[in-house]
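Have a look at the structure below, then the notes.
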There are 2 protein chains.
Amino acid sequence: MPTLTAAARRERERDSYNAYLAECPSHNLLAQISSKWVTLLLAALSAGPLRYSDLSRAIPSVSQKMLTQSLRTMERDGLVVRTVTAAVPVRVDYELTALGGSLVGLMTQVKDWAESHMDNVYEARREYDSRAAAEPVATLNKRG
Amino acid sequence: MPTLTAAARRERERDSYNAYLAECPSHNLLAQISSKWVTLLLAALSAGPLRYSDLSRAIPSVSQKMLTQSLRTMERDGLVVRTVTAAVPVRVDYELTALGGSLVGLMTQVKDWAESHMDNVYEARREYDSRAAAEPVATLNKRG
DNA sequence: CAGAATCCTCGGCGATACTG
DNA sequence: CAGTATCGCCGAGGATTCTG
């Protein structure tokens with residue numbers, strides 16, 4: 001028996017690593033903004049302010065729960081502003097802040113990258129899949 | 001009762017929307033690359049090729065399962081190449097492809113954005129939280 | 001209209017054990 | 001060393017219902 005099992009070592013190392021992650025703001029924030037709904041909402045709002053129901057209609061696949069939840073965190077992070085107009089039916093508008101606007105620009109770049117490299121990815125996948133299908137069971141036994 | 005309940009409408013609209021999402025390559029790919037482990041692996045491999053055990057040590061928090069799983073999808077998507085050297089203990093190296101390299105560049109930009117805007121986000125959060133704490137229970141009853 | 005609250009499901013992910 | 005296979009937890013998120 002070694003001084004430390006692999007699992008034990010990983011466990012101990014993870015402790016310090018988690019501490020690092022908790023401290024690491026960029027990684028934290030990155031996880032937030034890479035959320036599916038945040039991405040879609042950012043895109044939807046890039047054209048201009050929208051009401052709650054507008055957003056719901058613009059992104060039909062989102063549930064009320066996730067719509068509200070996502071908008072709340074985005075508001076909390078200063079990506080959108082929420083404006084309540086006290087009318088007979090209450091009216092709430094959501095609008096990108098300058099901060100949100102700058103993020104949209106970046107997300108657009110990522111989107112562009114994805115679009116311009118989709119062919120490569122799909123080609124790679126087809127190739128990978130066909131190779132995997134043609135391969136015998138015991139891969140490691142093959143000699144090149 | 002209207003011709004369609006809100007839920008029913010959403011359900012129908014989601015059908016067409018899901019079809020759109022399934023067709024939408026960039027969104028699909030975006031979800032992939034925004035994975036926590038993919039991000040970390042991309043960063044780890046940006047410095048150069050690494051072995052499986054190297055990666056495991058570089059990212060202690062990742063389990064074998066997720067490490068293997070993430071590397072497989074990245075390989076399938078053409079982001080990394082997997083090189084098996086048939087030695088006495090088998091040796092496997094992972095290396096970024098040109099495609100993976102270009103993605104690293106973009107992720108770095110996102111990371112930079114996150115870092116340079118963390119102050120704004122944190123400030124927004126503090127403000128939001130303090131406002132929320134100071135707020136009375138029935139928000140909507142307040143008259144401006 | 002714009003949510004809040006509740007219940008429940010599904011799958012991502014970690015832990016563990018085994019293999020060539 | 002570099003995985004594969006299996007089990008089980010937990011939390012993200014959908015469906016539903018209620019409110020100001």
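Letters A, B, ... mirror the listed sequences (proteins, then strands); counts begin at 1.
- Nearest to the side-chain atoms of R57(A) among the listed nucleotides dG14(D), dA2(D), dC1(C) stands dC1(C).
- Between the P atom of dT4(D) and the CG atom of L71(B) lies a distance of 11 Å, rounded to the nearest Å.
- Y52(A) and T68(A) are linked by a side-chain donor-acceptor pair at a separation below 3.5 angstrom, with hydrogens and angles left out of the test.
- Residue-to-nucleotide proximity on DNA chain C shows that, of P89(A) and T68(A), the 5′-proximal contact is made by P89(A).
- Protein atom OH of Y52(B) is 17 Å distant from nucleotide atom P of dG20(C), rounded to whole Å.
- The side chain of R51(B) lies closest to dC1(D), out of dC1(D), dC1(C), dG3(D).
- I33(B) and M107(B) make their closest contact through O-CE, 3.5 Å (heavy atoms, listed as atom of the first residue, atom of the second, distance).
- Straight-line distance from the CE atom of M66(B) to the P atom of dA5(D): 16 Å, rounded to whole Å.
- Both V92(A) and K65(A) lie close to DNA chain C; mapped to their nearest nucleotides by heavy-atom distance, the more 5′-ward contact belongs to V92(A).
- When each of dC13(C), dC1(D), dA2(C) is scored by its nearest atom to the side-chain atoms of S53(B), the top-ranked nucleotide is dC1(D).
- Using a 4.0 Å cut-off, some side-chain N or O of Y94(B) falls inside it from OP1 or OP2 of dG3(D).
- Donor-acceptor pairing under 3.5 Å, judged by distance alone, is absent between the side chain of Q64(A) and the base of dA15(D).
- dG14(C) atom C1' lies 13 Å from atom CG of L67(B), rounded to whole Å.
- Among the nucleotides dG13(D), dC1(D), dA4(C), the one closest to the side chain of R72(A) is dA4(C).
- For the pair Q32(B) CD and dG12(C) P, the interatomic distance rounds to 11 Å; values are reported in whole Å.
- Across every non-hydrogen atom of W113(A) and L99(B), the tightest pair is CZ2-O, 3.8 Å.
- Summarising the geometry, the separation between CZ on R91(A) and C1' on dG20(D) is reported as 19 Å, rounded to the nearest angstrom.
- Of all heavy-atom pairs spanning L50(A) and A44(A), the tightest one is CD1-O, 3.7 Å.
- Between Q69(A) atom CD and dA12(D) atom P there is a gap of 8 Å when expressed in whole angstrom units.
- Regarding K36(B), its NZ atom lies at a distance of 21 Å from the P atom of dG11(C), rounded to whole Å.
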